[in-house]
Amino acid sequence: MTLEKVWENPQILQINREKPRAYYIPCHDESAKSRNRQLSDHFRLLNGEWKFSYFSNVNDINDKHVSNEVDVSGWDRLLVPSCWQTNGYDQMQYVNVRYPFPFDPPHVPNENPAGVYVKDIQISDLSERKEQFIVFEGVSACFYLYVNGQFAGYSQGSRMPAEFNITPYLKDGKNRLTAVVLKWGDGSYLEDQDMWRYTGIFRDVYLLSRDAIRIEDVFNRAVLSEDLTQGELQIDLTAKGSCHAEVLLKDERGETVGHIAREINGTESLSMTVDSPALWNAENPVLYDLYVKSGEEVLHFHIGFRRITVEDGVFKINNEAVKLKGVNRHDSHPKLGHTIPLNHMKKDLLLMKKHNMNTVRASHYPNDPRFLTLCDQLGFYVIDEADLECHGAGEAGDIHWLSKQEDWQAAFLDRMERLVERDKNNPSVIIWSLGNEAGYGINHIKMAEWAKKRDATRLTHYESAAEGYKGHENTEALDMESRMYPTLQYVEEYAKNESKTKPMFLCEYSHAMGNGPGDAADYWELIYKYPKLMGGCIWEWNDHGISRTDDRGNVSYAYGGDFGETIHDGNFCIDGLVKPDRTPSTGLKEIKAVYKPVRFKMKSAEEGLVEVTNLFDFTNLSDYEIQWMVERDGEVVQQNVIYDLDLHPKASKVIQIPYDVPEASVSSYYLTVSLLQKKTEPWAEKGHEIGFEQFKLPVKKQIPEKRAGKHSLKTEKNGSKLVISGLDFTYVFNLEAGQFEKVSLNDYECLAGIPSFTAWRAPIDNDAPILQEWKKHGFDKLNMHTYKAEVVQEDESLIELQVHFSLSAFSRFPVVKGTANWKVHSSGAIAVTCQADVNGEVPYLPRFGLEIPMPKGNDEVEYFGNGPHESYMDMKSSVRKGRYLTTVQGMHEQYIYPQENGSRYGTDWAIVSNELGMGMKFSSNEGFSFNVSRYALAELTATSHDHQLQEDNSRTWVYIDYKMSGVGSGACGPALAENYQLNEKSISFSFEMEPVFKEH
Ligand code: IPT
């Protein structure tokens, strides 16, 4: 067979592949600036339909398959770029840490699937003066290239370009390109990232027709003087042959600010000085255009003048301490897998911008080069990461194993070099990352040293060099201390420790799996407090669910295990801030609020004094407008706009807001101050709210007079049932169950079963650290047991019942013992006061509250509380107190893996009713957490996919919770912080409920 078996040889990383170089598309004129590759005379896209033949074992491929003779007319057709697995070939498989094959480097399974791609193309313009190159931007995992049946090269390294000079193999007329792509190779040991394992030619393929004498590589370093007033652009040009080059630098307005023309031999450095250059930063990404012209080619580069430094442990851009408000992003598309269309990348970035993010970590490999162009233009700081992860080596026994092997060093270095060489001209790239989770060894040290030497203008990052790795403690070439998922305490201790001189970067924190993350605001308290903390990136941007459409057109999302694969990591890939279709989930809204570039702090509510802090790093707040409004019970009663608040970055100023509120009222008054966009930007329209803060105004609460009952109460005992009736209502209290079993107004029945105290919630992914403990104590099987229920007071205006109860599971001590006092007033109001004692031996409770089954059809929900979306005691930065009219389904927050959702923290009152407004009202002066759902808790607990959830046929489930524990980010992050646990051992809780017919 023609294929020389180099895919199990870590010393052979390529054959005939061109040296890595900067990304560019040579164009024939300055239209290169448009970055529309297809305008270039020298560019020919080979994307499209290719002939394809899949082999479950590479050994079944023979010489004939790669020759020009093979008849491909009967072969399959496959779009390039695409992944096999999204086209029905091979097997979908999601694995996180483990290698999906035995750890026996460099060997991979004998049964190594492979695909032969064939494309016939016409070529008519071959000339002596030109050379023809083929570029593959991304092929997983390794491939052999043939041109007209002749072997033309080999490459491995999935997410980096492979370029081959194919001039010698081409002829005028029809030419055949053949690529044999293998699923596994020794490189797969370095590509064990947490993701769906995709194979194929998944990024663009194109031909470049180049001048035989040309500029091959360009390295631009825009260096700024310390005081930022002088820019020096150093341009290293590498020529093939002796090449006359002209270099032109133009500013934003298109004015030429630098011009050099000369002969280049080998690599030569040119330099241009720019006085007082406009600076690049993520808030104002000013780009200059650099054109490198030689022969018939024009290469275009973006130049951004910016200075990246660490001074006294503080990370700075352009001498300003900058906080990186970041997110980790994978290349992940719900239908196309690892193939990402340009517009899809753009959509992601615009959505990030809209949610106040300024940083992206390209986790865990180089993205499409056009992604970086977008980052340059839109303004993002990028942590550009090498395609390198050996996480599974840890499972095998030693995570550092490969990183220590000298015979793998070239393979490690290759991945660093190809990253840096490709992306070295992107101003957005501020940090080179050596990869992810591969332990730490000499191979990493070499990578970092190489990167520092090649490019001293950027910083280096690697997380797994964290303290404690024996034998390879040398972290000199790393510029920051990077951590994932540390606790708040750990971060604070580091920040305070003066012997630690490097800035700390949280490359992953606040694991956004399912409902959450709930701890982001606390991390940012610290990050703002300590200059040494440079920020971090949330794990992660999107859920990696795979979109599937059923016969009725309903879309659902699949995760690990849904494709019959035996080795998989389930829903651990459903851990993003946005759903697979990029619908923001609550987590993204929370992060937007946490990352907002402004803070409003109430200084004196009596005088309307609010302190405004500008948290932009480079932008005066006068570029934005401030809007304030006062709401009385959710209705706007006063508002105005402050148009030009002159406030420098990082500065604070106290402003006076001239609101006018009464001294005392039955109503509540809230002030909301917002920062709004003055201009329309590509990611949001003029008027878009960047951030807000809300304050309760100090208006003395007048308790409205209780409506006296018009009629006296009547009672009737019927066995264990106590029937209580007033003018238009009838309640039945079941003394055996210790609960009401009927609550009706004008015969409209509000109960569809017996309410019960409860402590369980449908586990959220972030409950992972505590879930087993909860189950051990039977939390998931709790029932209410009533010891005794009796009437303790009975007269015309009030009936009082007392119930002694417990919540317990079989074969377990009770978790909670309590006493509930129920008072029925002649007005119809039912007031409950509950005193509950929690067993000293059990962990914190998921929740404590009353679960009330109302009849199905009670679909309308109106409440005064936090909204418009769900909120928890540790995830409430993005909600505001107000009056909301919604529906039960509107309250439901869809998580692909069903779990507790939709809770409303800090509710004053809520009405759940039918569309006519007939239903029940719940209220409390102390506030409560409130939720209502079409799904029973047991259903939410037991179902594995959202589209399989069955609505309760007869009930709407209402929860009035004293408290709901916070959500945290424990799916991968630390356990829920104590202050967010419902860990009180003595709970007193009261609220009122009554049937109502709403008037307004
Ligand atoms: C960490 C990985 O870096 C990331 O790729 C992802 O797997 C994430 O966690 C979890 O979703 S690794 C973790 C074991 C700390």
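Position 1 is the first residue of the sequence; numbering continues from there. All ligand and atom numbering here is 1-based and tracks the order in the structure.
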If the test is side-chain hydrogen bond (donor to acceptor under 3.5 Å, both in side chains), which one of T339, D368, D331 qualifies with R203? D331
Are a donor atom and an acceptor atom from the side chains of Y557 and H945 found within less than 3.5 Å of each other? no
Any side-chain heavy atom of M484 within less than 4.5 Å of one from W539? no
Rounded at 0.5 Å granularity, tell me how far NZ in K876 sits from OG1 in T586. 15.0 Å
Using a 6.0 Å distance limit plus a 45 degree cone around the ring axis, check whether R159 lies over the aromatic ring of Y198. no
Any idea which residues sit under 4.0 Å from ligand 1, heavy-atom distances? N96, D194, H364, H391, N436, E437, M484, Y485, E508, H511, W539, F572, D575, C972
NZ/NE/NH1/NH2 to OD/OE distance under 4.0 Å, D384 and R458: no
